[in-house]
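Remarks on the structure that follows.
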2 protein chains.
Amino acid sequence: MVDVAREAGVALRTVSRVVNQDPTVGPDLVQRVRAAIADLGYRPDERARHLRLGVTGTLGAAVRQLSHVNPVLRAVERAARAADLMVLAASTEDDESLERHVVESMCRRRFDGIVLEPIGDDHRYLVPELAAGLSLVAVDRPVLGLDVDCVLSDNRSGIEKAYRHLVRHGHDRIAYIGDDERIYTARERAMAFRGCVAAHGGPLGTMLHTGEVESGRIREAVRAALSGSAPATAIVTGNAQLSVEVLRHLGADAVDVALIGFDDSELATLLRPDLTVVAQDTDAIGSTAIDMLRARIADPATEVRTVTVPVELITRGSGEIPPAP
Amino acid sequence: MVDVAREAGVALRTVSRVVNQDPTVGPDLVQRVRAAIADLGYRPDERARHLRLGVTGTLGAAVRQLSHVNPVLRAVERAARAADLMVLAASTEDDESLERHVVESMCRRRFDGIVLEPIGDDHRYLVPELAAGLSLVAVDRPVLGLDVDCVLSDNRSGIEKAYRHLVRHGHDRIAYIGDDERIYTARERAMAFRGCVAAHGGPLGTMLHTGEVESGRIREAVRAALSGSAPATAIVTGNAQLSVEVLRHLGADAVDVALIGFDDSELATLLRPDLTVVAQDTDAIGSTAIDMLRARIADPATEVRTVTVPVELITRGSGEIPPAP
DNA sequence: CCAAGCTGAGATAACGTTATCTCGAAAGGT
DNA sequence: ACCTTTCGAGATAACGTTATCTCAGCTTGG
């Protein structure tokens with residue numbers, strides 16, 4: 001920048017003015033500065049700019065896996081772009097210590113705000129960051145024990161919708177196969193399912209299976225649910241990956257057992273019958289997260305909120321299979 | 001930092017030394033400084049650090065869609081992490097102007113290097129950046145017309161492997177359904193297919209269909225390939241998304257027509273029969289990209305290279321269906 | 001016992017920007 | 001013709017770090 005100023009025969013500040021399109025520069029000087037910039041191949045340095053300005057115009061997104069399908073992240077990027085903010089994303093790989101590393105790196109880089117898919121139950125490392133003014137919004141799962149903005153799907157009502165839908169189609173032995181209950185969403189969904197069974201007056205028995213997503217375990221869960229004296233006639237799964245696994249193990253039985261999956265996916269319309277799902281409103285989640293983050297950045301005193309986004313039951317066939325006589 | 005120094009009664013430089021674990025600080029001072037840091041909630045500012053240091057320890061990844069499955073990106077993140085570099089990623093959404101925006105933003109932020117999945121044919125905007133010392137490696141597709149490091153899959157040999165495999169299983173009317181040939185990989189694969197047909201002595205006729213991935217077009221292409229007096233008995237698809245679409249339109253015929261897809265995916269083992277695919281070595285692509293980028297950062301004079309990573313044919317059933325009599 | 005070396009810590013000057021203040025000159029009003 | 005206003009552009013001082021140089025106080029060896 002110094003070189004550009006010298007080359008153009010102007011003051012440093014004038015180069016800055018030209019770069020920032022300040023209208024108070026005479027057209028002849030603008031020309032000279034522009035020429036000098038092109039001549040010398042000058043590239044502005046945002047590090048210095050951000051340092052001076054205080055803000056970075058950058059949001060961080062710390063998500064479970066960048067290289068997985070994540071429609072919420074897409075919505076986050078779009079909404080941020082519309083607000084002229086750059087989103088830079090990194091994976092946490094479902095690893096608490098990696099999450100911490102990523103978030104702290106973003107803080108040290110003074111990102112204006114962070115969208116986080118939190119992992120685990122212990123987020124005490126955030127306390128000093130929040131005290132220092134970090135703007136953060138959690139998506140998909142809450143940050144337990146801390147007063148932090150949060151956007152969640154209505155997991156409970158999703159399970160309830162699925163359950164009621166199956167009951168309405170004549171089922172009364174409905175099984176649930178879910179993820180490890182150490183994960184917040186898995187816990188919520190499993191609890192909601194227990195609630196449904198209790199409300200319906202049935203015994204839980206072999207109707208609920210949760211644990212890690214592992215092919216052998218899922219096979220066993222499917223087998224257990226469908227065997228015995230009172231086999232299930234319908235299955236609800238706890239996430240998209242589980243739907244795939246359950247379908248894999250159902251094999252030819254897929255046309256006889258009703259199935260509702262949690263989470264929509266492109267697979268849903270590829271299979272036969274097409275998969276009935278509880279779909280999250282990922283666009284709403286993403287754009288709400290950015291709205292809340294922007295509000296907090298604009299005014300750190302904004303009241304902390306948790307927004308719950310409704311889910312929708314999309315009927316496509318697999319959930320409307322009647323119970324076997 | 002000034003406050004910490006005052007609180008601890010030491011010089012600024014000593015605080016810096018403590019933060020950076022410089023061993024030449026007496027243990028009592030370390031204590032005092034640590035205490036002051038905790039007391040005041042001091043957070044180091046990487047912007048200033050990077051500005052002073054010159055390097056940022058950060059790599060950018062500009063990919064088509066963060067929220068799509070992208071095993072190369074996962075490998076890139078892992079390899080970078082192993083080298084103690086942070087990867088920050090952003091989507092280009094297959095939009096040339098967005099790519100430019102993203103890459104230029106990363107340059108202005110002085111990322112040490114960029115991994116880019118290039119879009120389109122015109123990358124002249126990179127010329128001044130490269131001249132200014134940008135370290136860049138292109139993955140999946142080359143940067144046309146510019147001398148830039150590049151990691152590609154061996155698309156041609158992938159198609160040839162698929163074609164030969166089908167011929168070996170008795171097929172001699174093999175159709176190809178591919179993506180828009182404006183896209184480099186689609187072009188390479190389609191050209192390779194033309195080469196195979198020519199080498200095999202057959203007429204191309206209705207055996208090659210390329211264009212945008214659009215459900216109607218794919219349906220038509222499948223219909224055209226399988227009808228007429230000499231219908232195809234096998235299909236090769238140009239990418240994972242096309243495999244899904246082709247399977248959707250094949251419907252019940254899926255068990256009679258041999259199919260080999262380009263790109264492995266989790267769907268491949270869900271469908272019946274399991275999908276035979278040409279799989280890219282995404283781990284090798286990602287780690288090679290990081291290796292090359294690090295080499296270039298370390299020595300900008302490193303000779304520019306294009307590395308072609310071998311692909312593998314994984315037989316699972318769908319590619320071994322014999323031709324209908 | 002003193003010169004030479006070592007060691008821990010401070011003072012100062014960058015890194016590349018932009019906000020603020022200042023100032024000269026041109027324009028406009030009486 | 002003089003005073004005031006406006007406007008364009010420069011000088012200077014931050015923003016928060018770290019590298020370099022300096023120096024006081026100890027060792028150490030002849």
Side-chain angles (χ1 to χ4, degrees), chain A residues 1-37 40-58 86 104-112 129 132-134, chain B residues 1-37 40-58 86 104-112 129 132-134:
Chain A
M1 194 155 162
V2 171
D3 298 339
V4 171
R6 186 175 28 218
E7 171 94 359
V10 299
L12 215 54
R13 187 68 181 87
T14 302
V15 179
S16 169
R17 283 195 254 257
V18 171
V19 170
N20 292 287
Q21 318 222 38
D22 186 319
T24 76
V25 186
D28 45 336
L29 284 197
V30 172
Q31 282 300 321
R32 291 218 318 261
V33 172
R34 287 257 161 76
I37 287 175
L40 299 175
Y42 163 73
R43 319 268 98 200
D45 187 325
E46 293 277 359
R47 293 173 299 188
R49 182 154 196 278
H50 294 160
L51 179 59
R52 178 65 237 237
L53 257 44
V55 298
T56 57
T58 310
M86 176 158 202
E104 288 184 339
S105 290
M106 289 174 170
C107 289
R108 281 196 304 270
R109 277 158 224 262
R110 294 293 189 273
F111 285 7
D112 292 345
E129 304 293 355
L134 169 63
Chain B
M1 193 155 164
V2 171
D3 299 338
V4 171
R6 186 177 26 223
E7 171 94 359
V10 299
L12 215 54
R13 187 67 180 88
T14 301
V15 178
S16 169
R17 282 194 255 258
V18 171
V19 170
N20 291 286
Q21 320 221 36
D22 185 321
T24 77
V25 186
D28 46 335
L29 284 197
V30 173
Q31 282 301 323
R32 292 221 313 265
V33 172
R34 288 256 162 78
I37 287 176
L40 300 174
Y42 163 74
R43 318 270 98 199
D45 187 324
E46 293 276 0
R47 294 173 299 187
R49 182 152 196 278
H50 293 160
L51 179 59
R52 178 64 236 236
L53 255 43
V55 298
T56 56
T58 310
M86 177 158 204
E104 289 184 337
S105 290
M106 289 174 171
C107 289
R108 281 197 304 269
R109 285 171 164 80
R110 294 295 189 271
F111 284 7
D112 292 344
E129 305 294 354
L134 169 63

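Proteins come first, then strands; the chains are lettered A, B, ... in the order of their sequence lines, and each starts at number 1. The analysis underlying the following values was restricted to heavy atoms, covering all of them including side chains, and did not include hydrogens, waters or symmetry mates.
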Students often get this wrong, so: under 4.0 angstrom with heavy atoms, is A:Arg13 touching a base, only sugar-phosphate, or nothing? base

For the pair made of CG in A:Asp28 and C1' in D:dA9, what is the distance, rounded to whole Å? 11 Å

Separation of atom CG in A:Leu51 from atom C1' in C:dT18, rounded to whole Å: 10 Å

Pairwise side-chain contact, A:Thr58 with B:Arg109, heavy-atom cut-off 4.5 Å (strictly under): yes

Ignoring hydrogens and angles, does a donor from either the side chain of A:Arg17 or the base of D:dG10 sit under 3.5 Å from an acceptor on the other? yes

Whole-Å distance separating the CG atom of A:Leu12 from the P atom of D:dG10: 10 Å

B:Pro27 vs A:Leu53, nearer the 5' end of DNA chain C by closest nucleotide: B:Pro27

Nucleotide of D:dA9, D:dG8, D:dT18 approaching A:Thr24 most closely (side-chain heavy atoms): D:dG8

From CG of B:Asn20 over to P of D:dT17, roughly how many Å is that when rounded to an integer? 10 Å

Note, B:Val4 side chain near B:Met1 side chain (heavy atom, < 4.5 Å): no

Categorize A:Val10 for me: base, sugar-phosphate, or nothing, with a 4.0 angstrom heavy-atom threshold over every strand shown. sugar-phosphate

Remember a base hit wins even if backbone is also touched, and classify B:Val25 as base, sugar-phosphate or nothing at under 4.0 Å, heavy atoms. sugar-phosphate

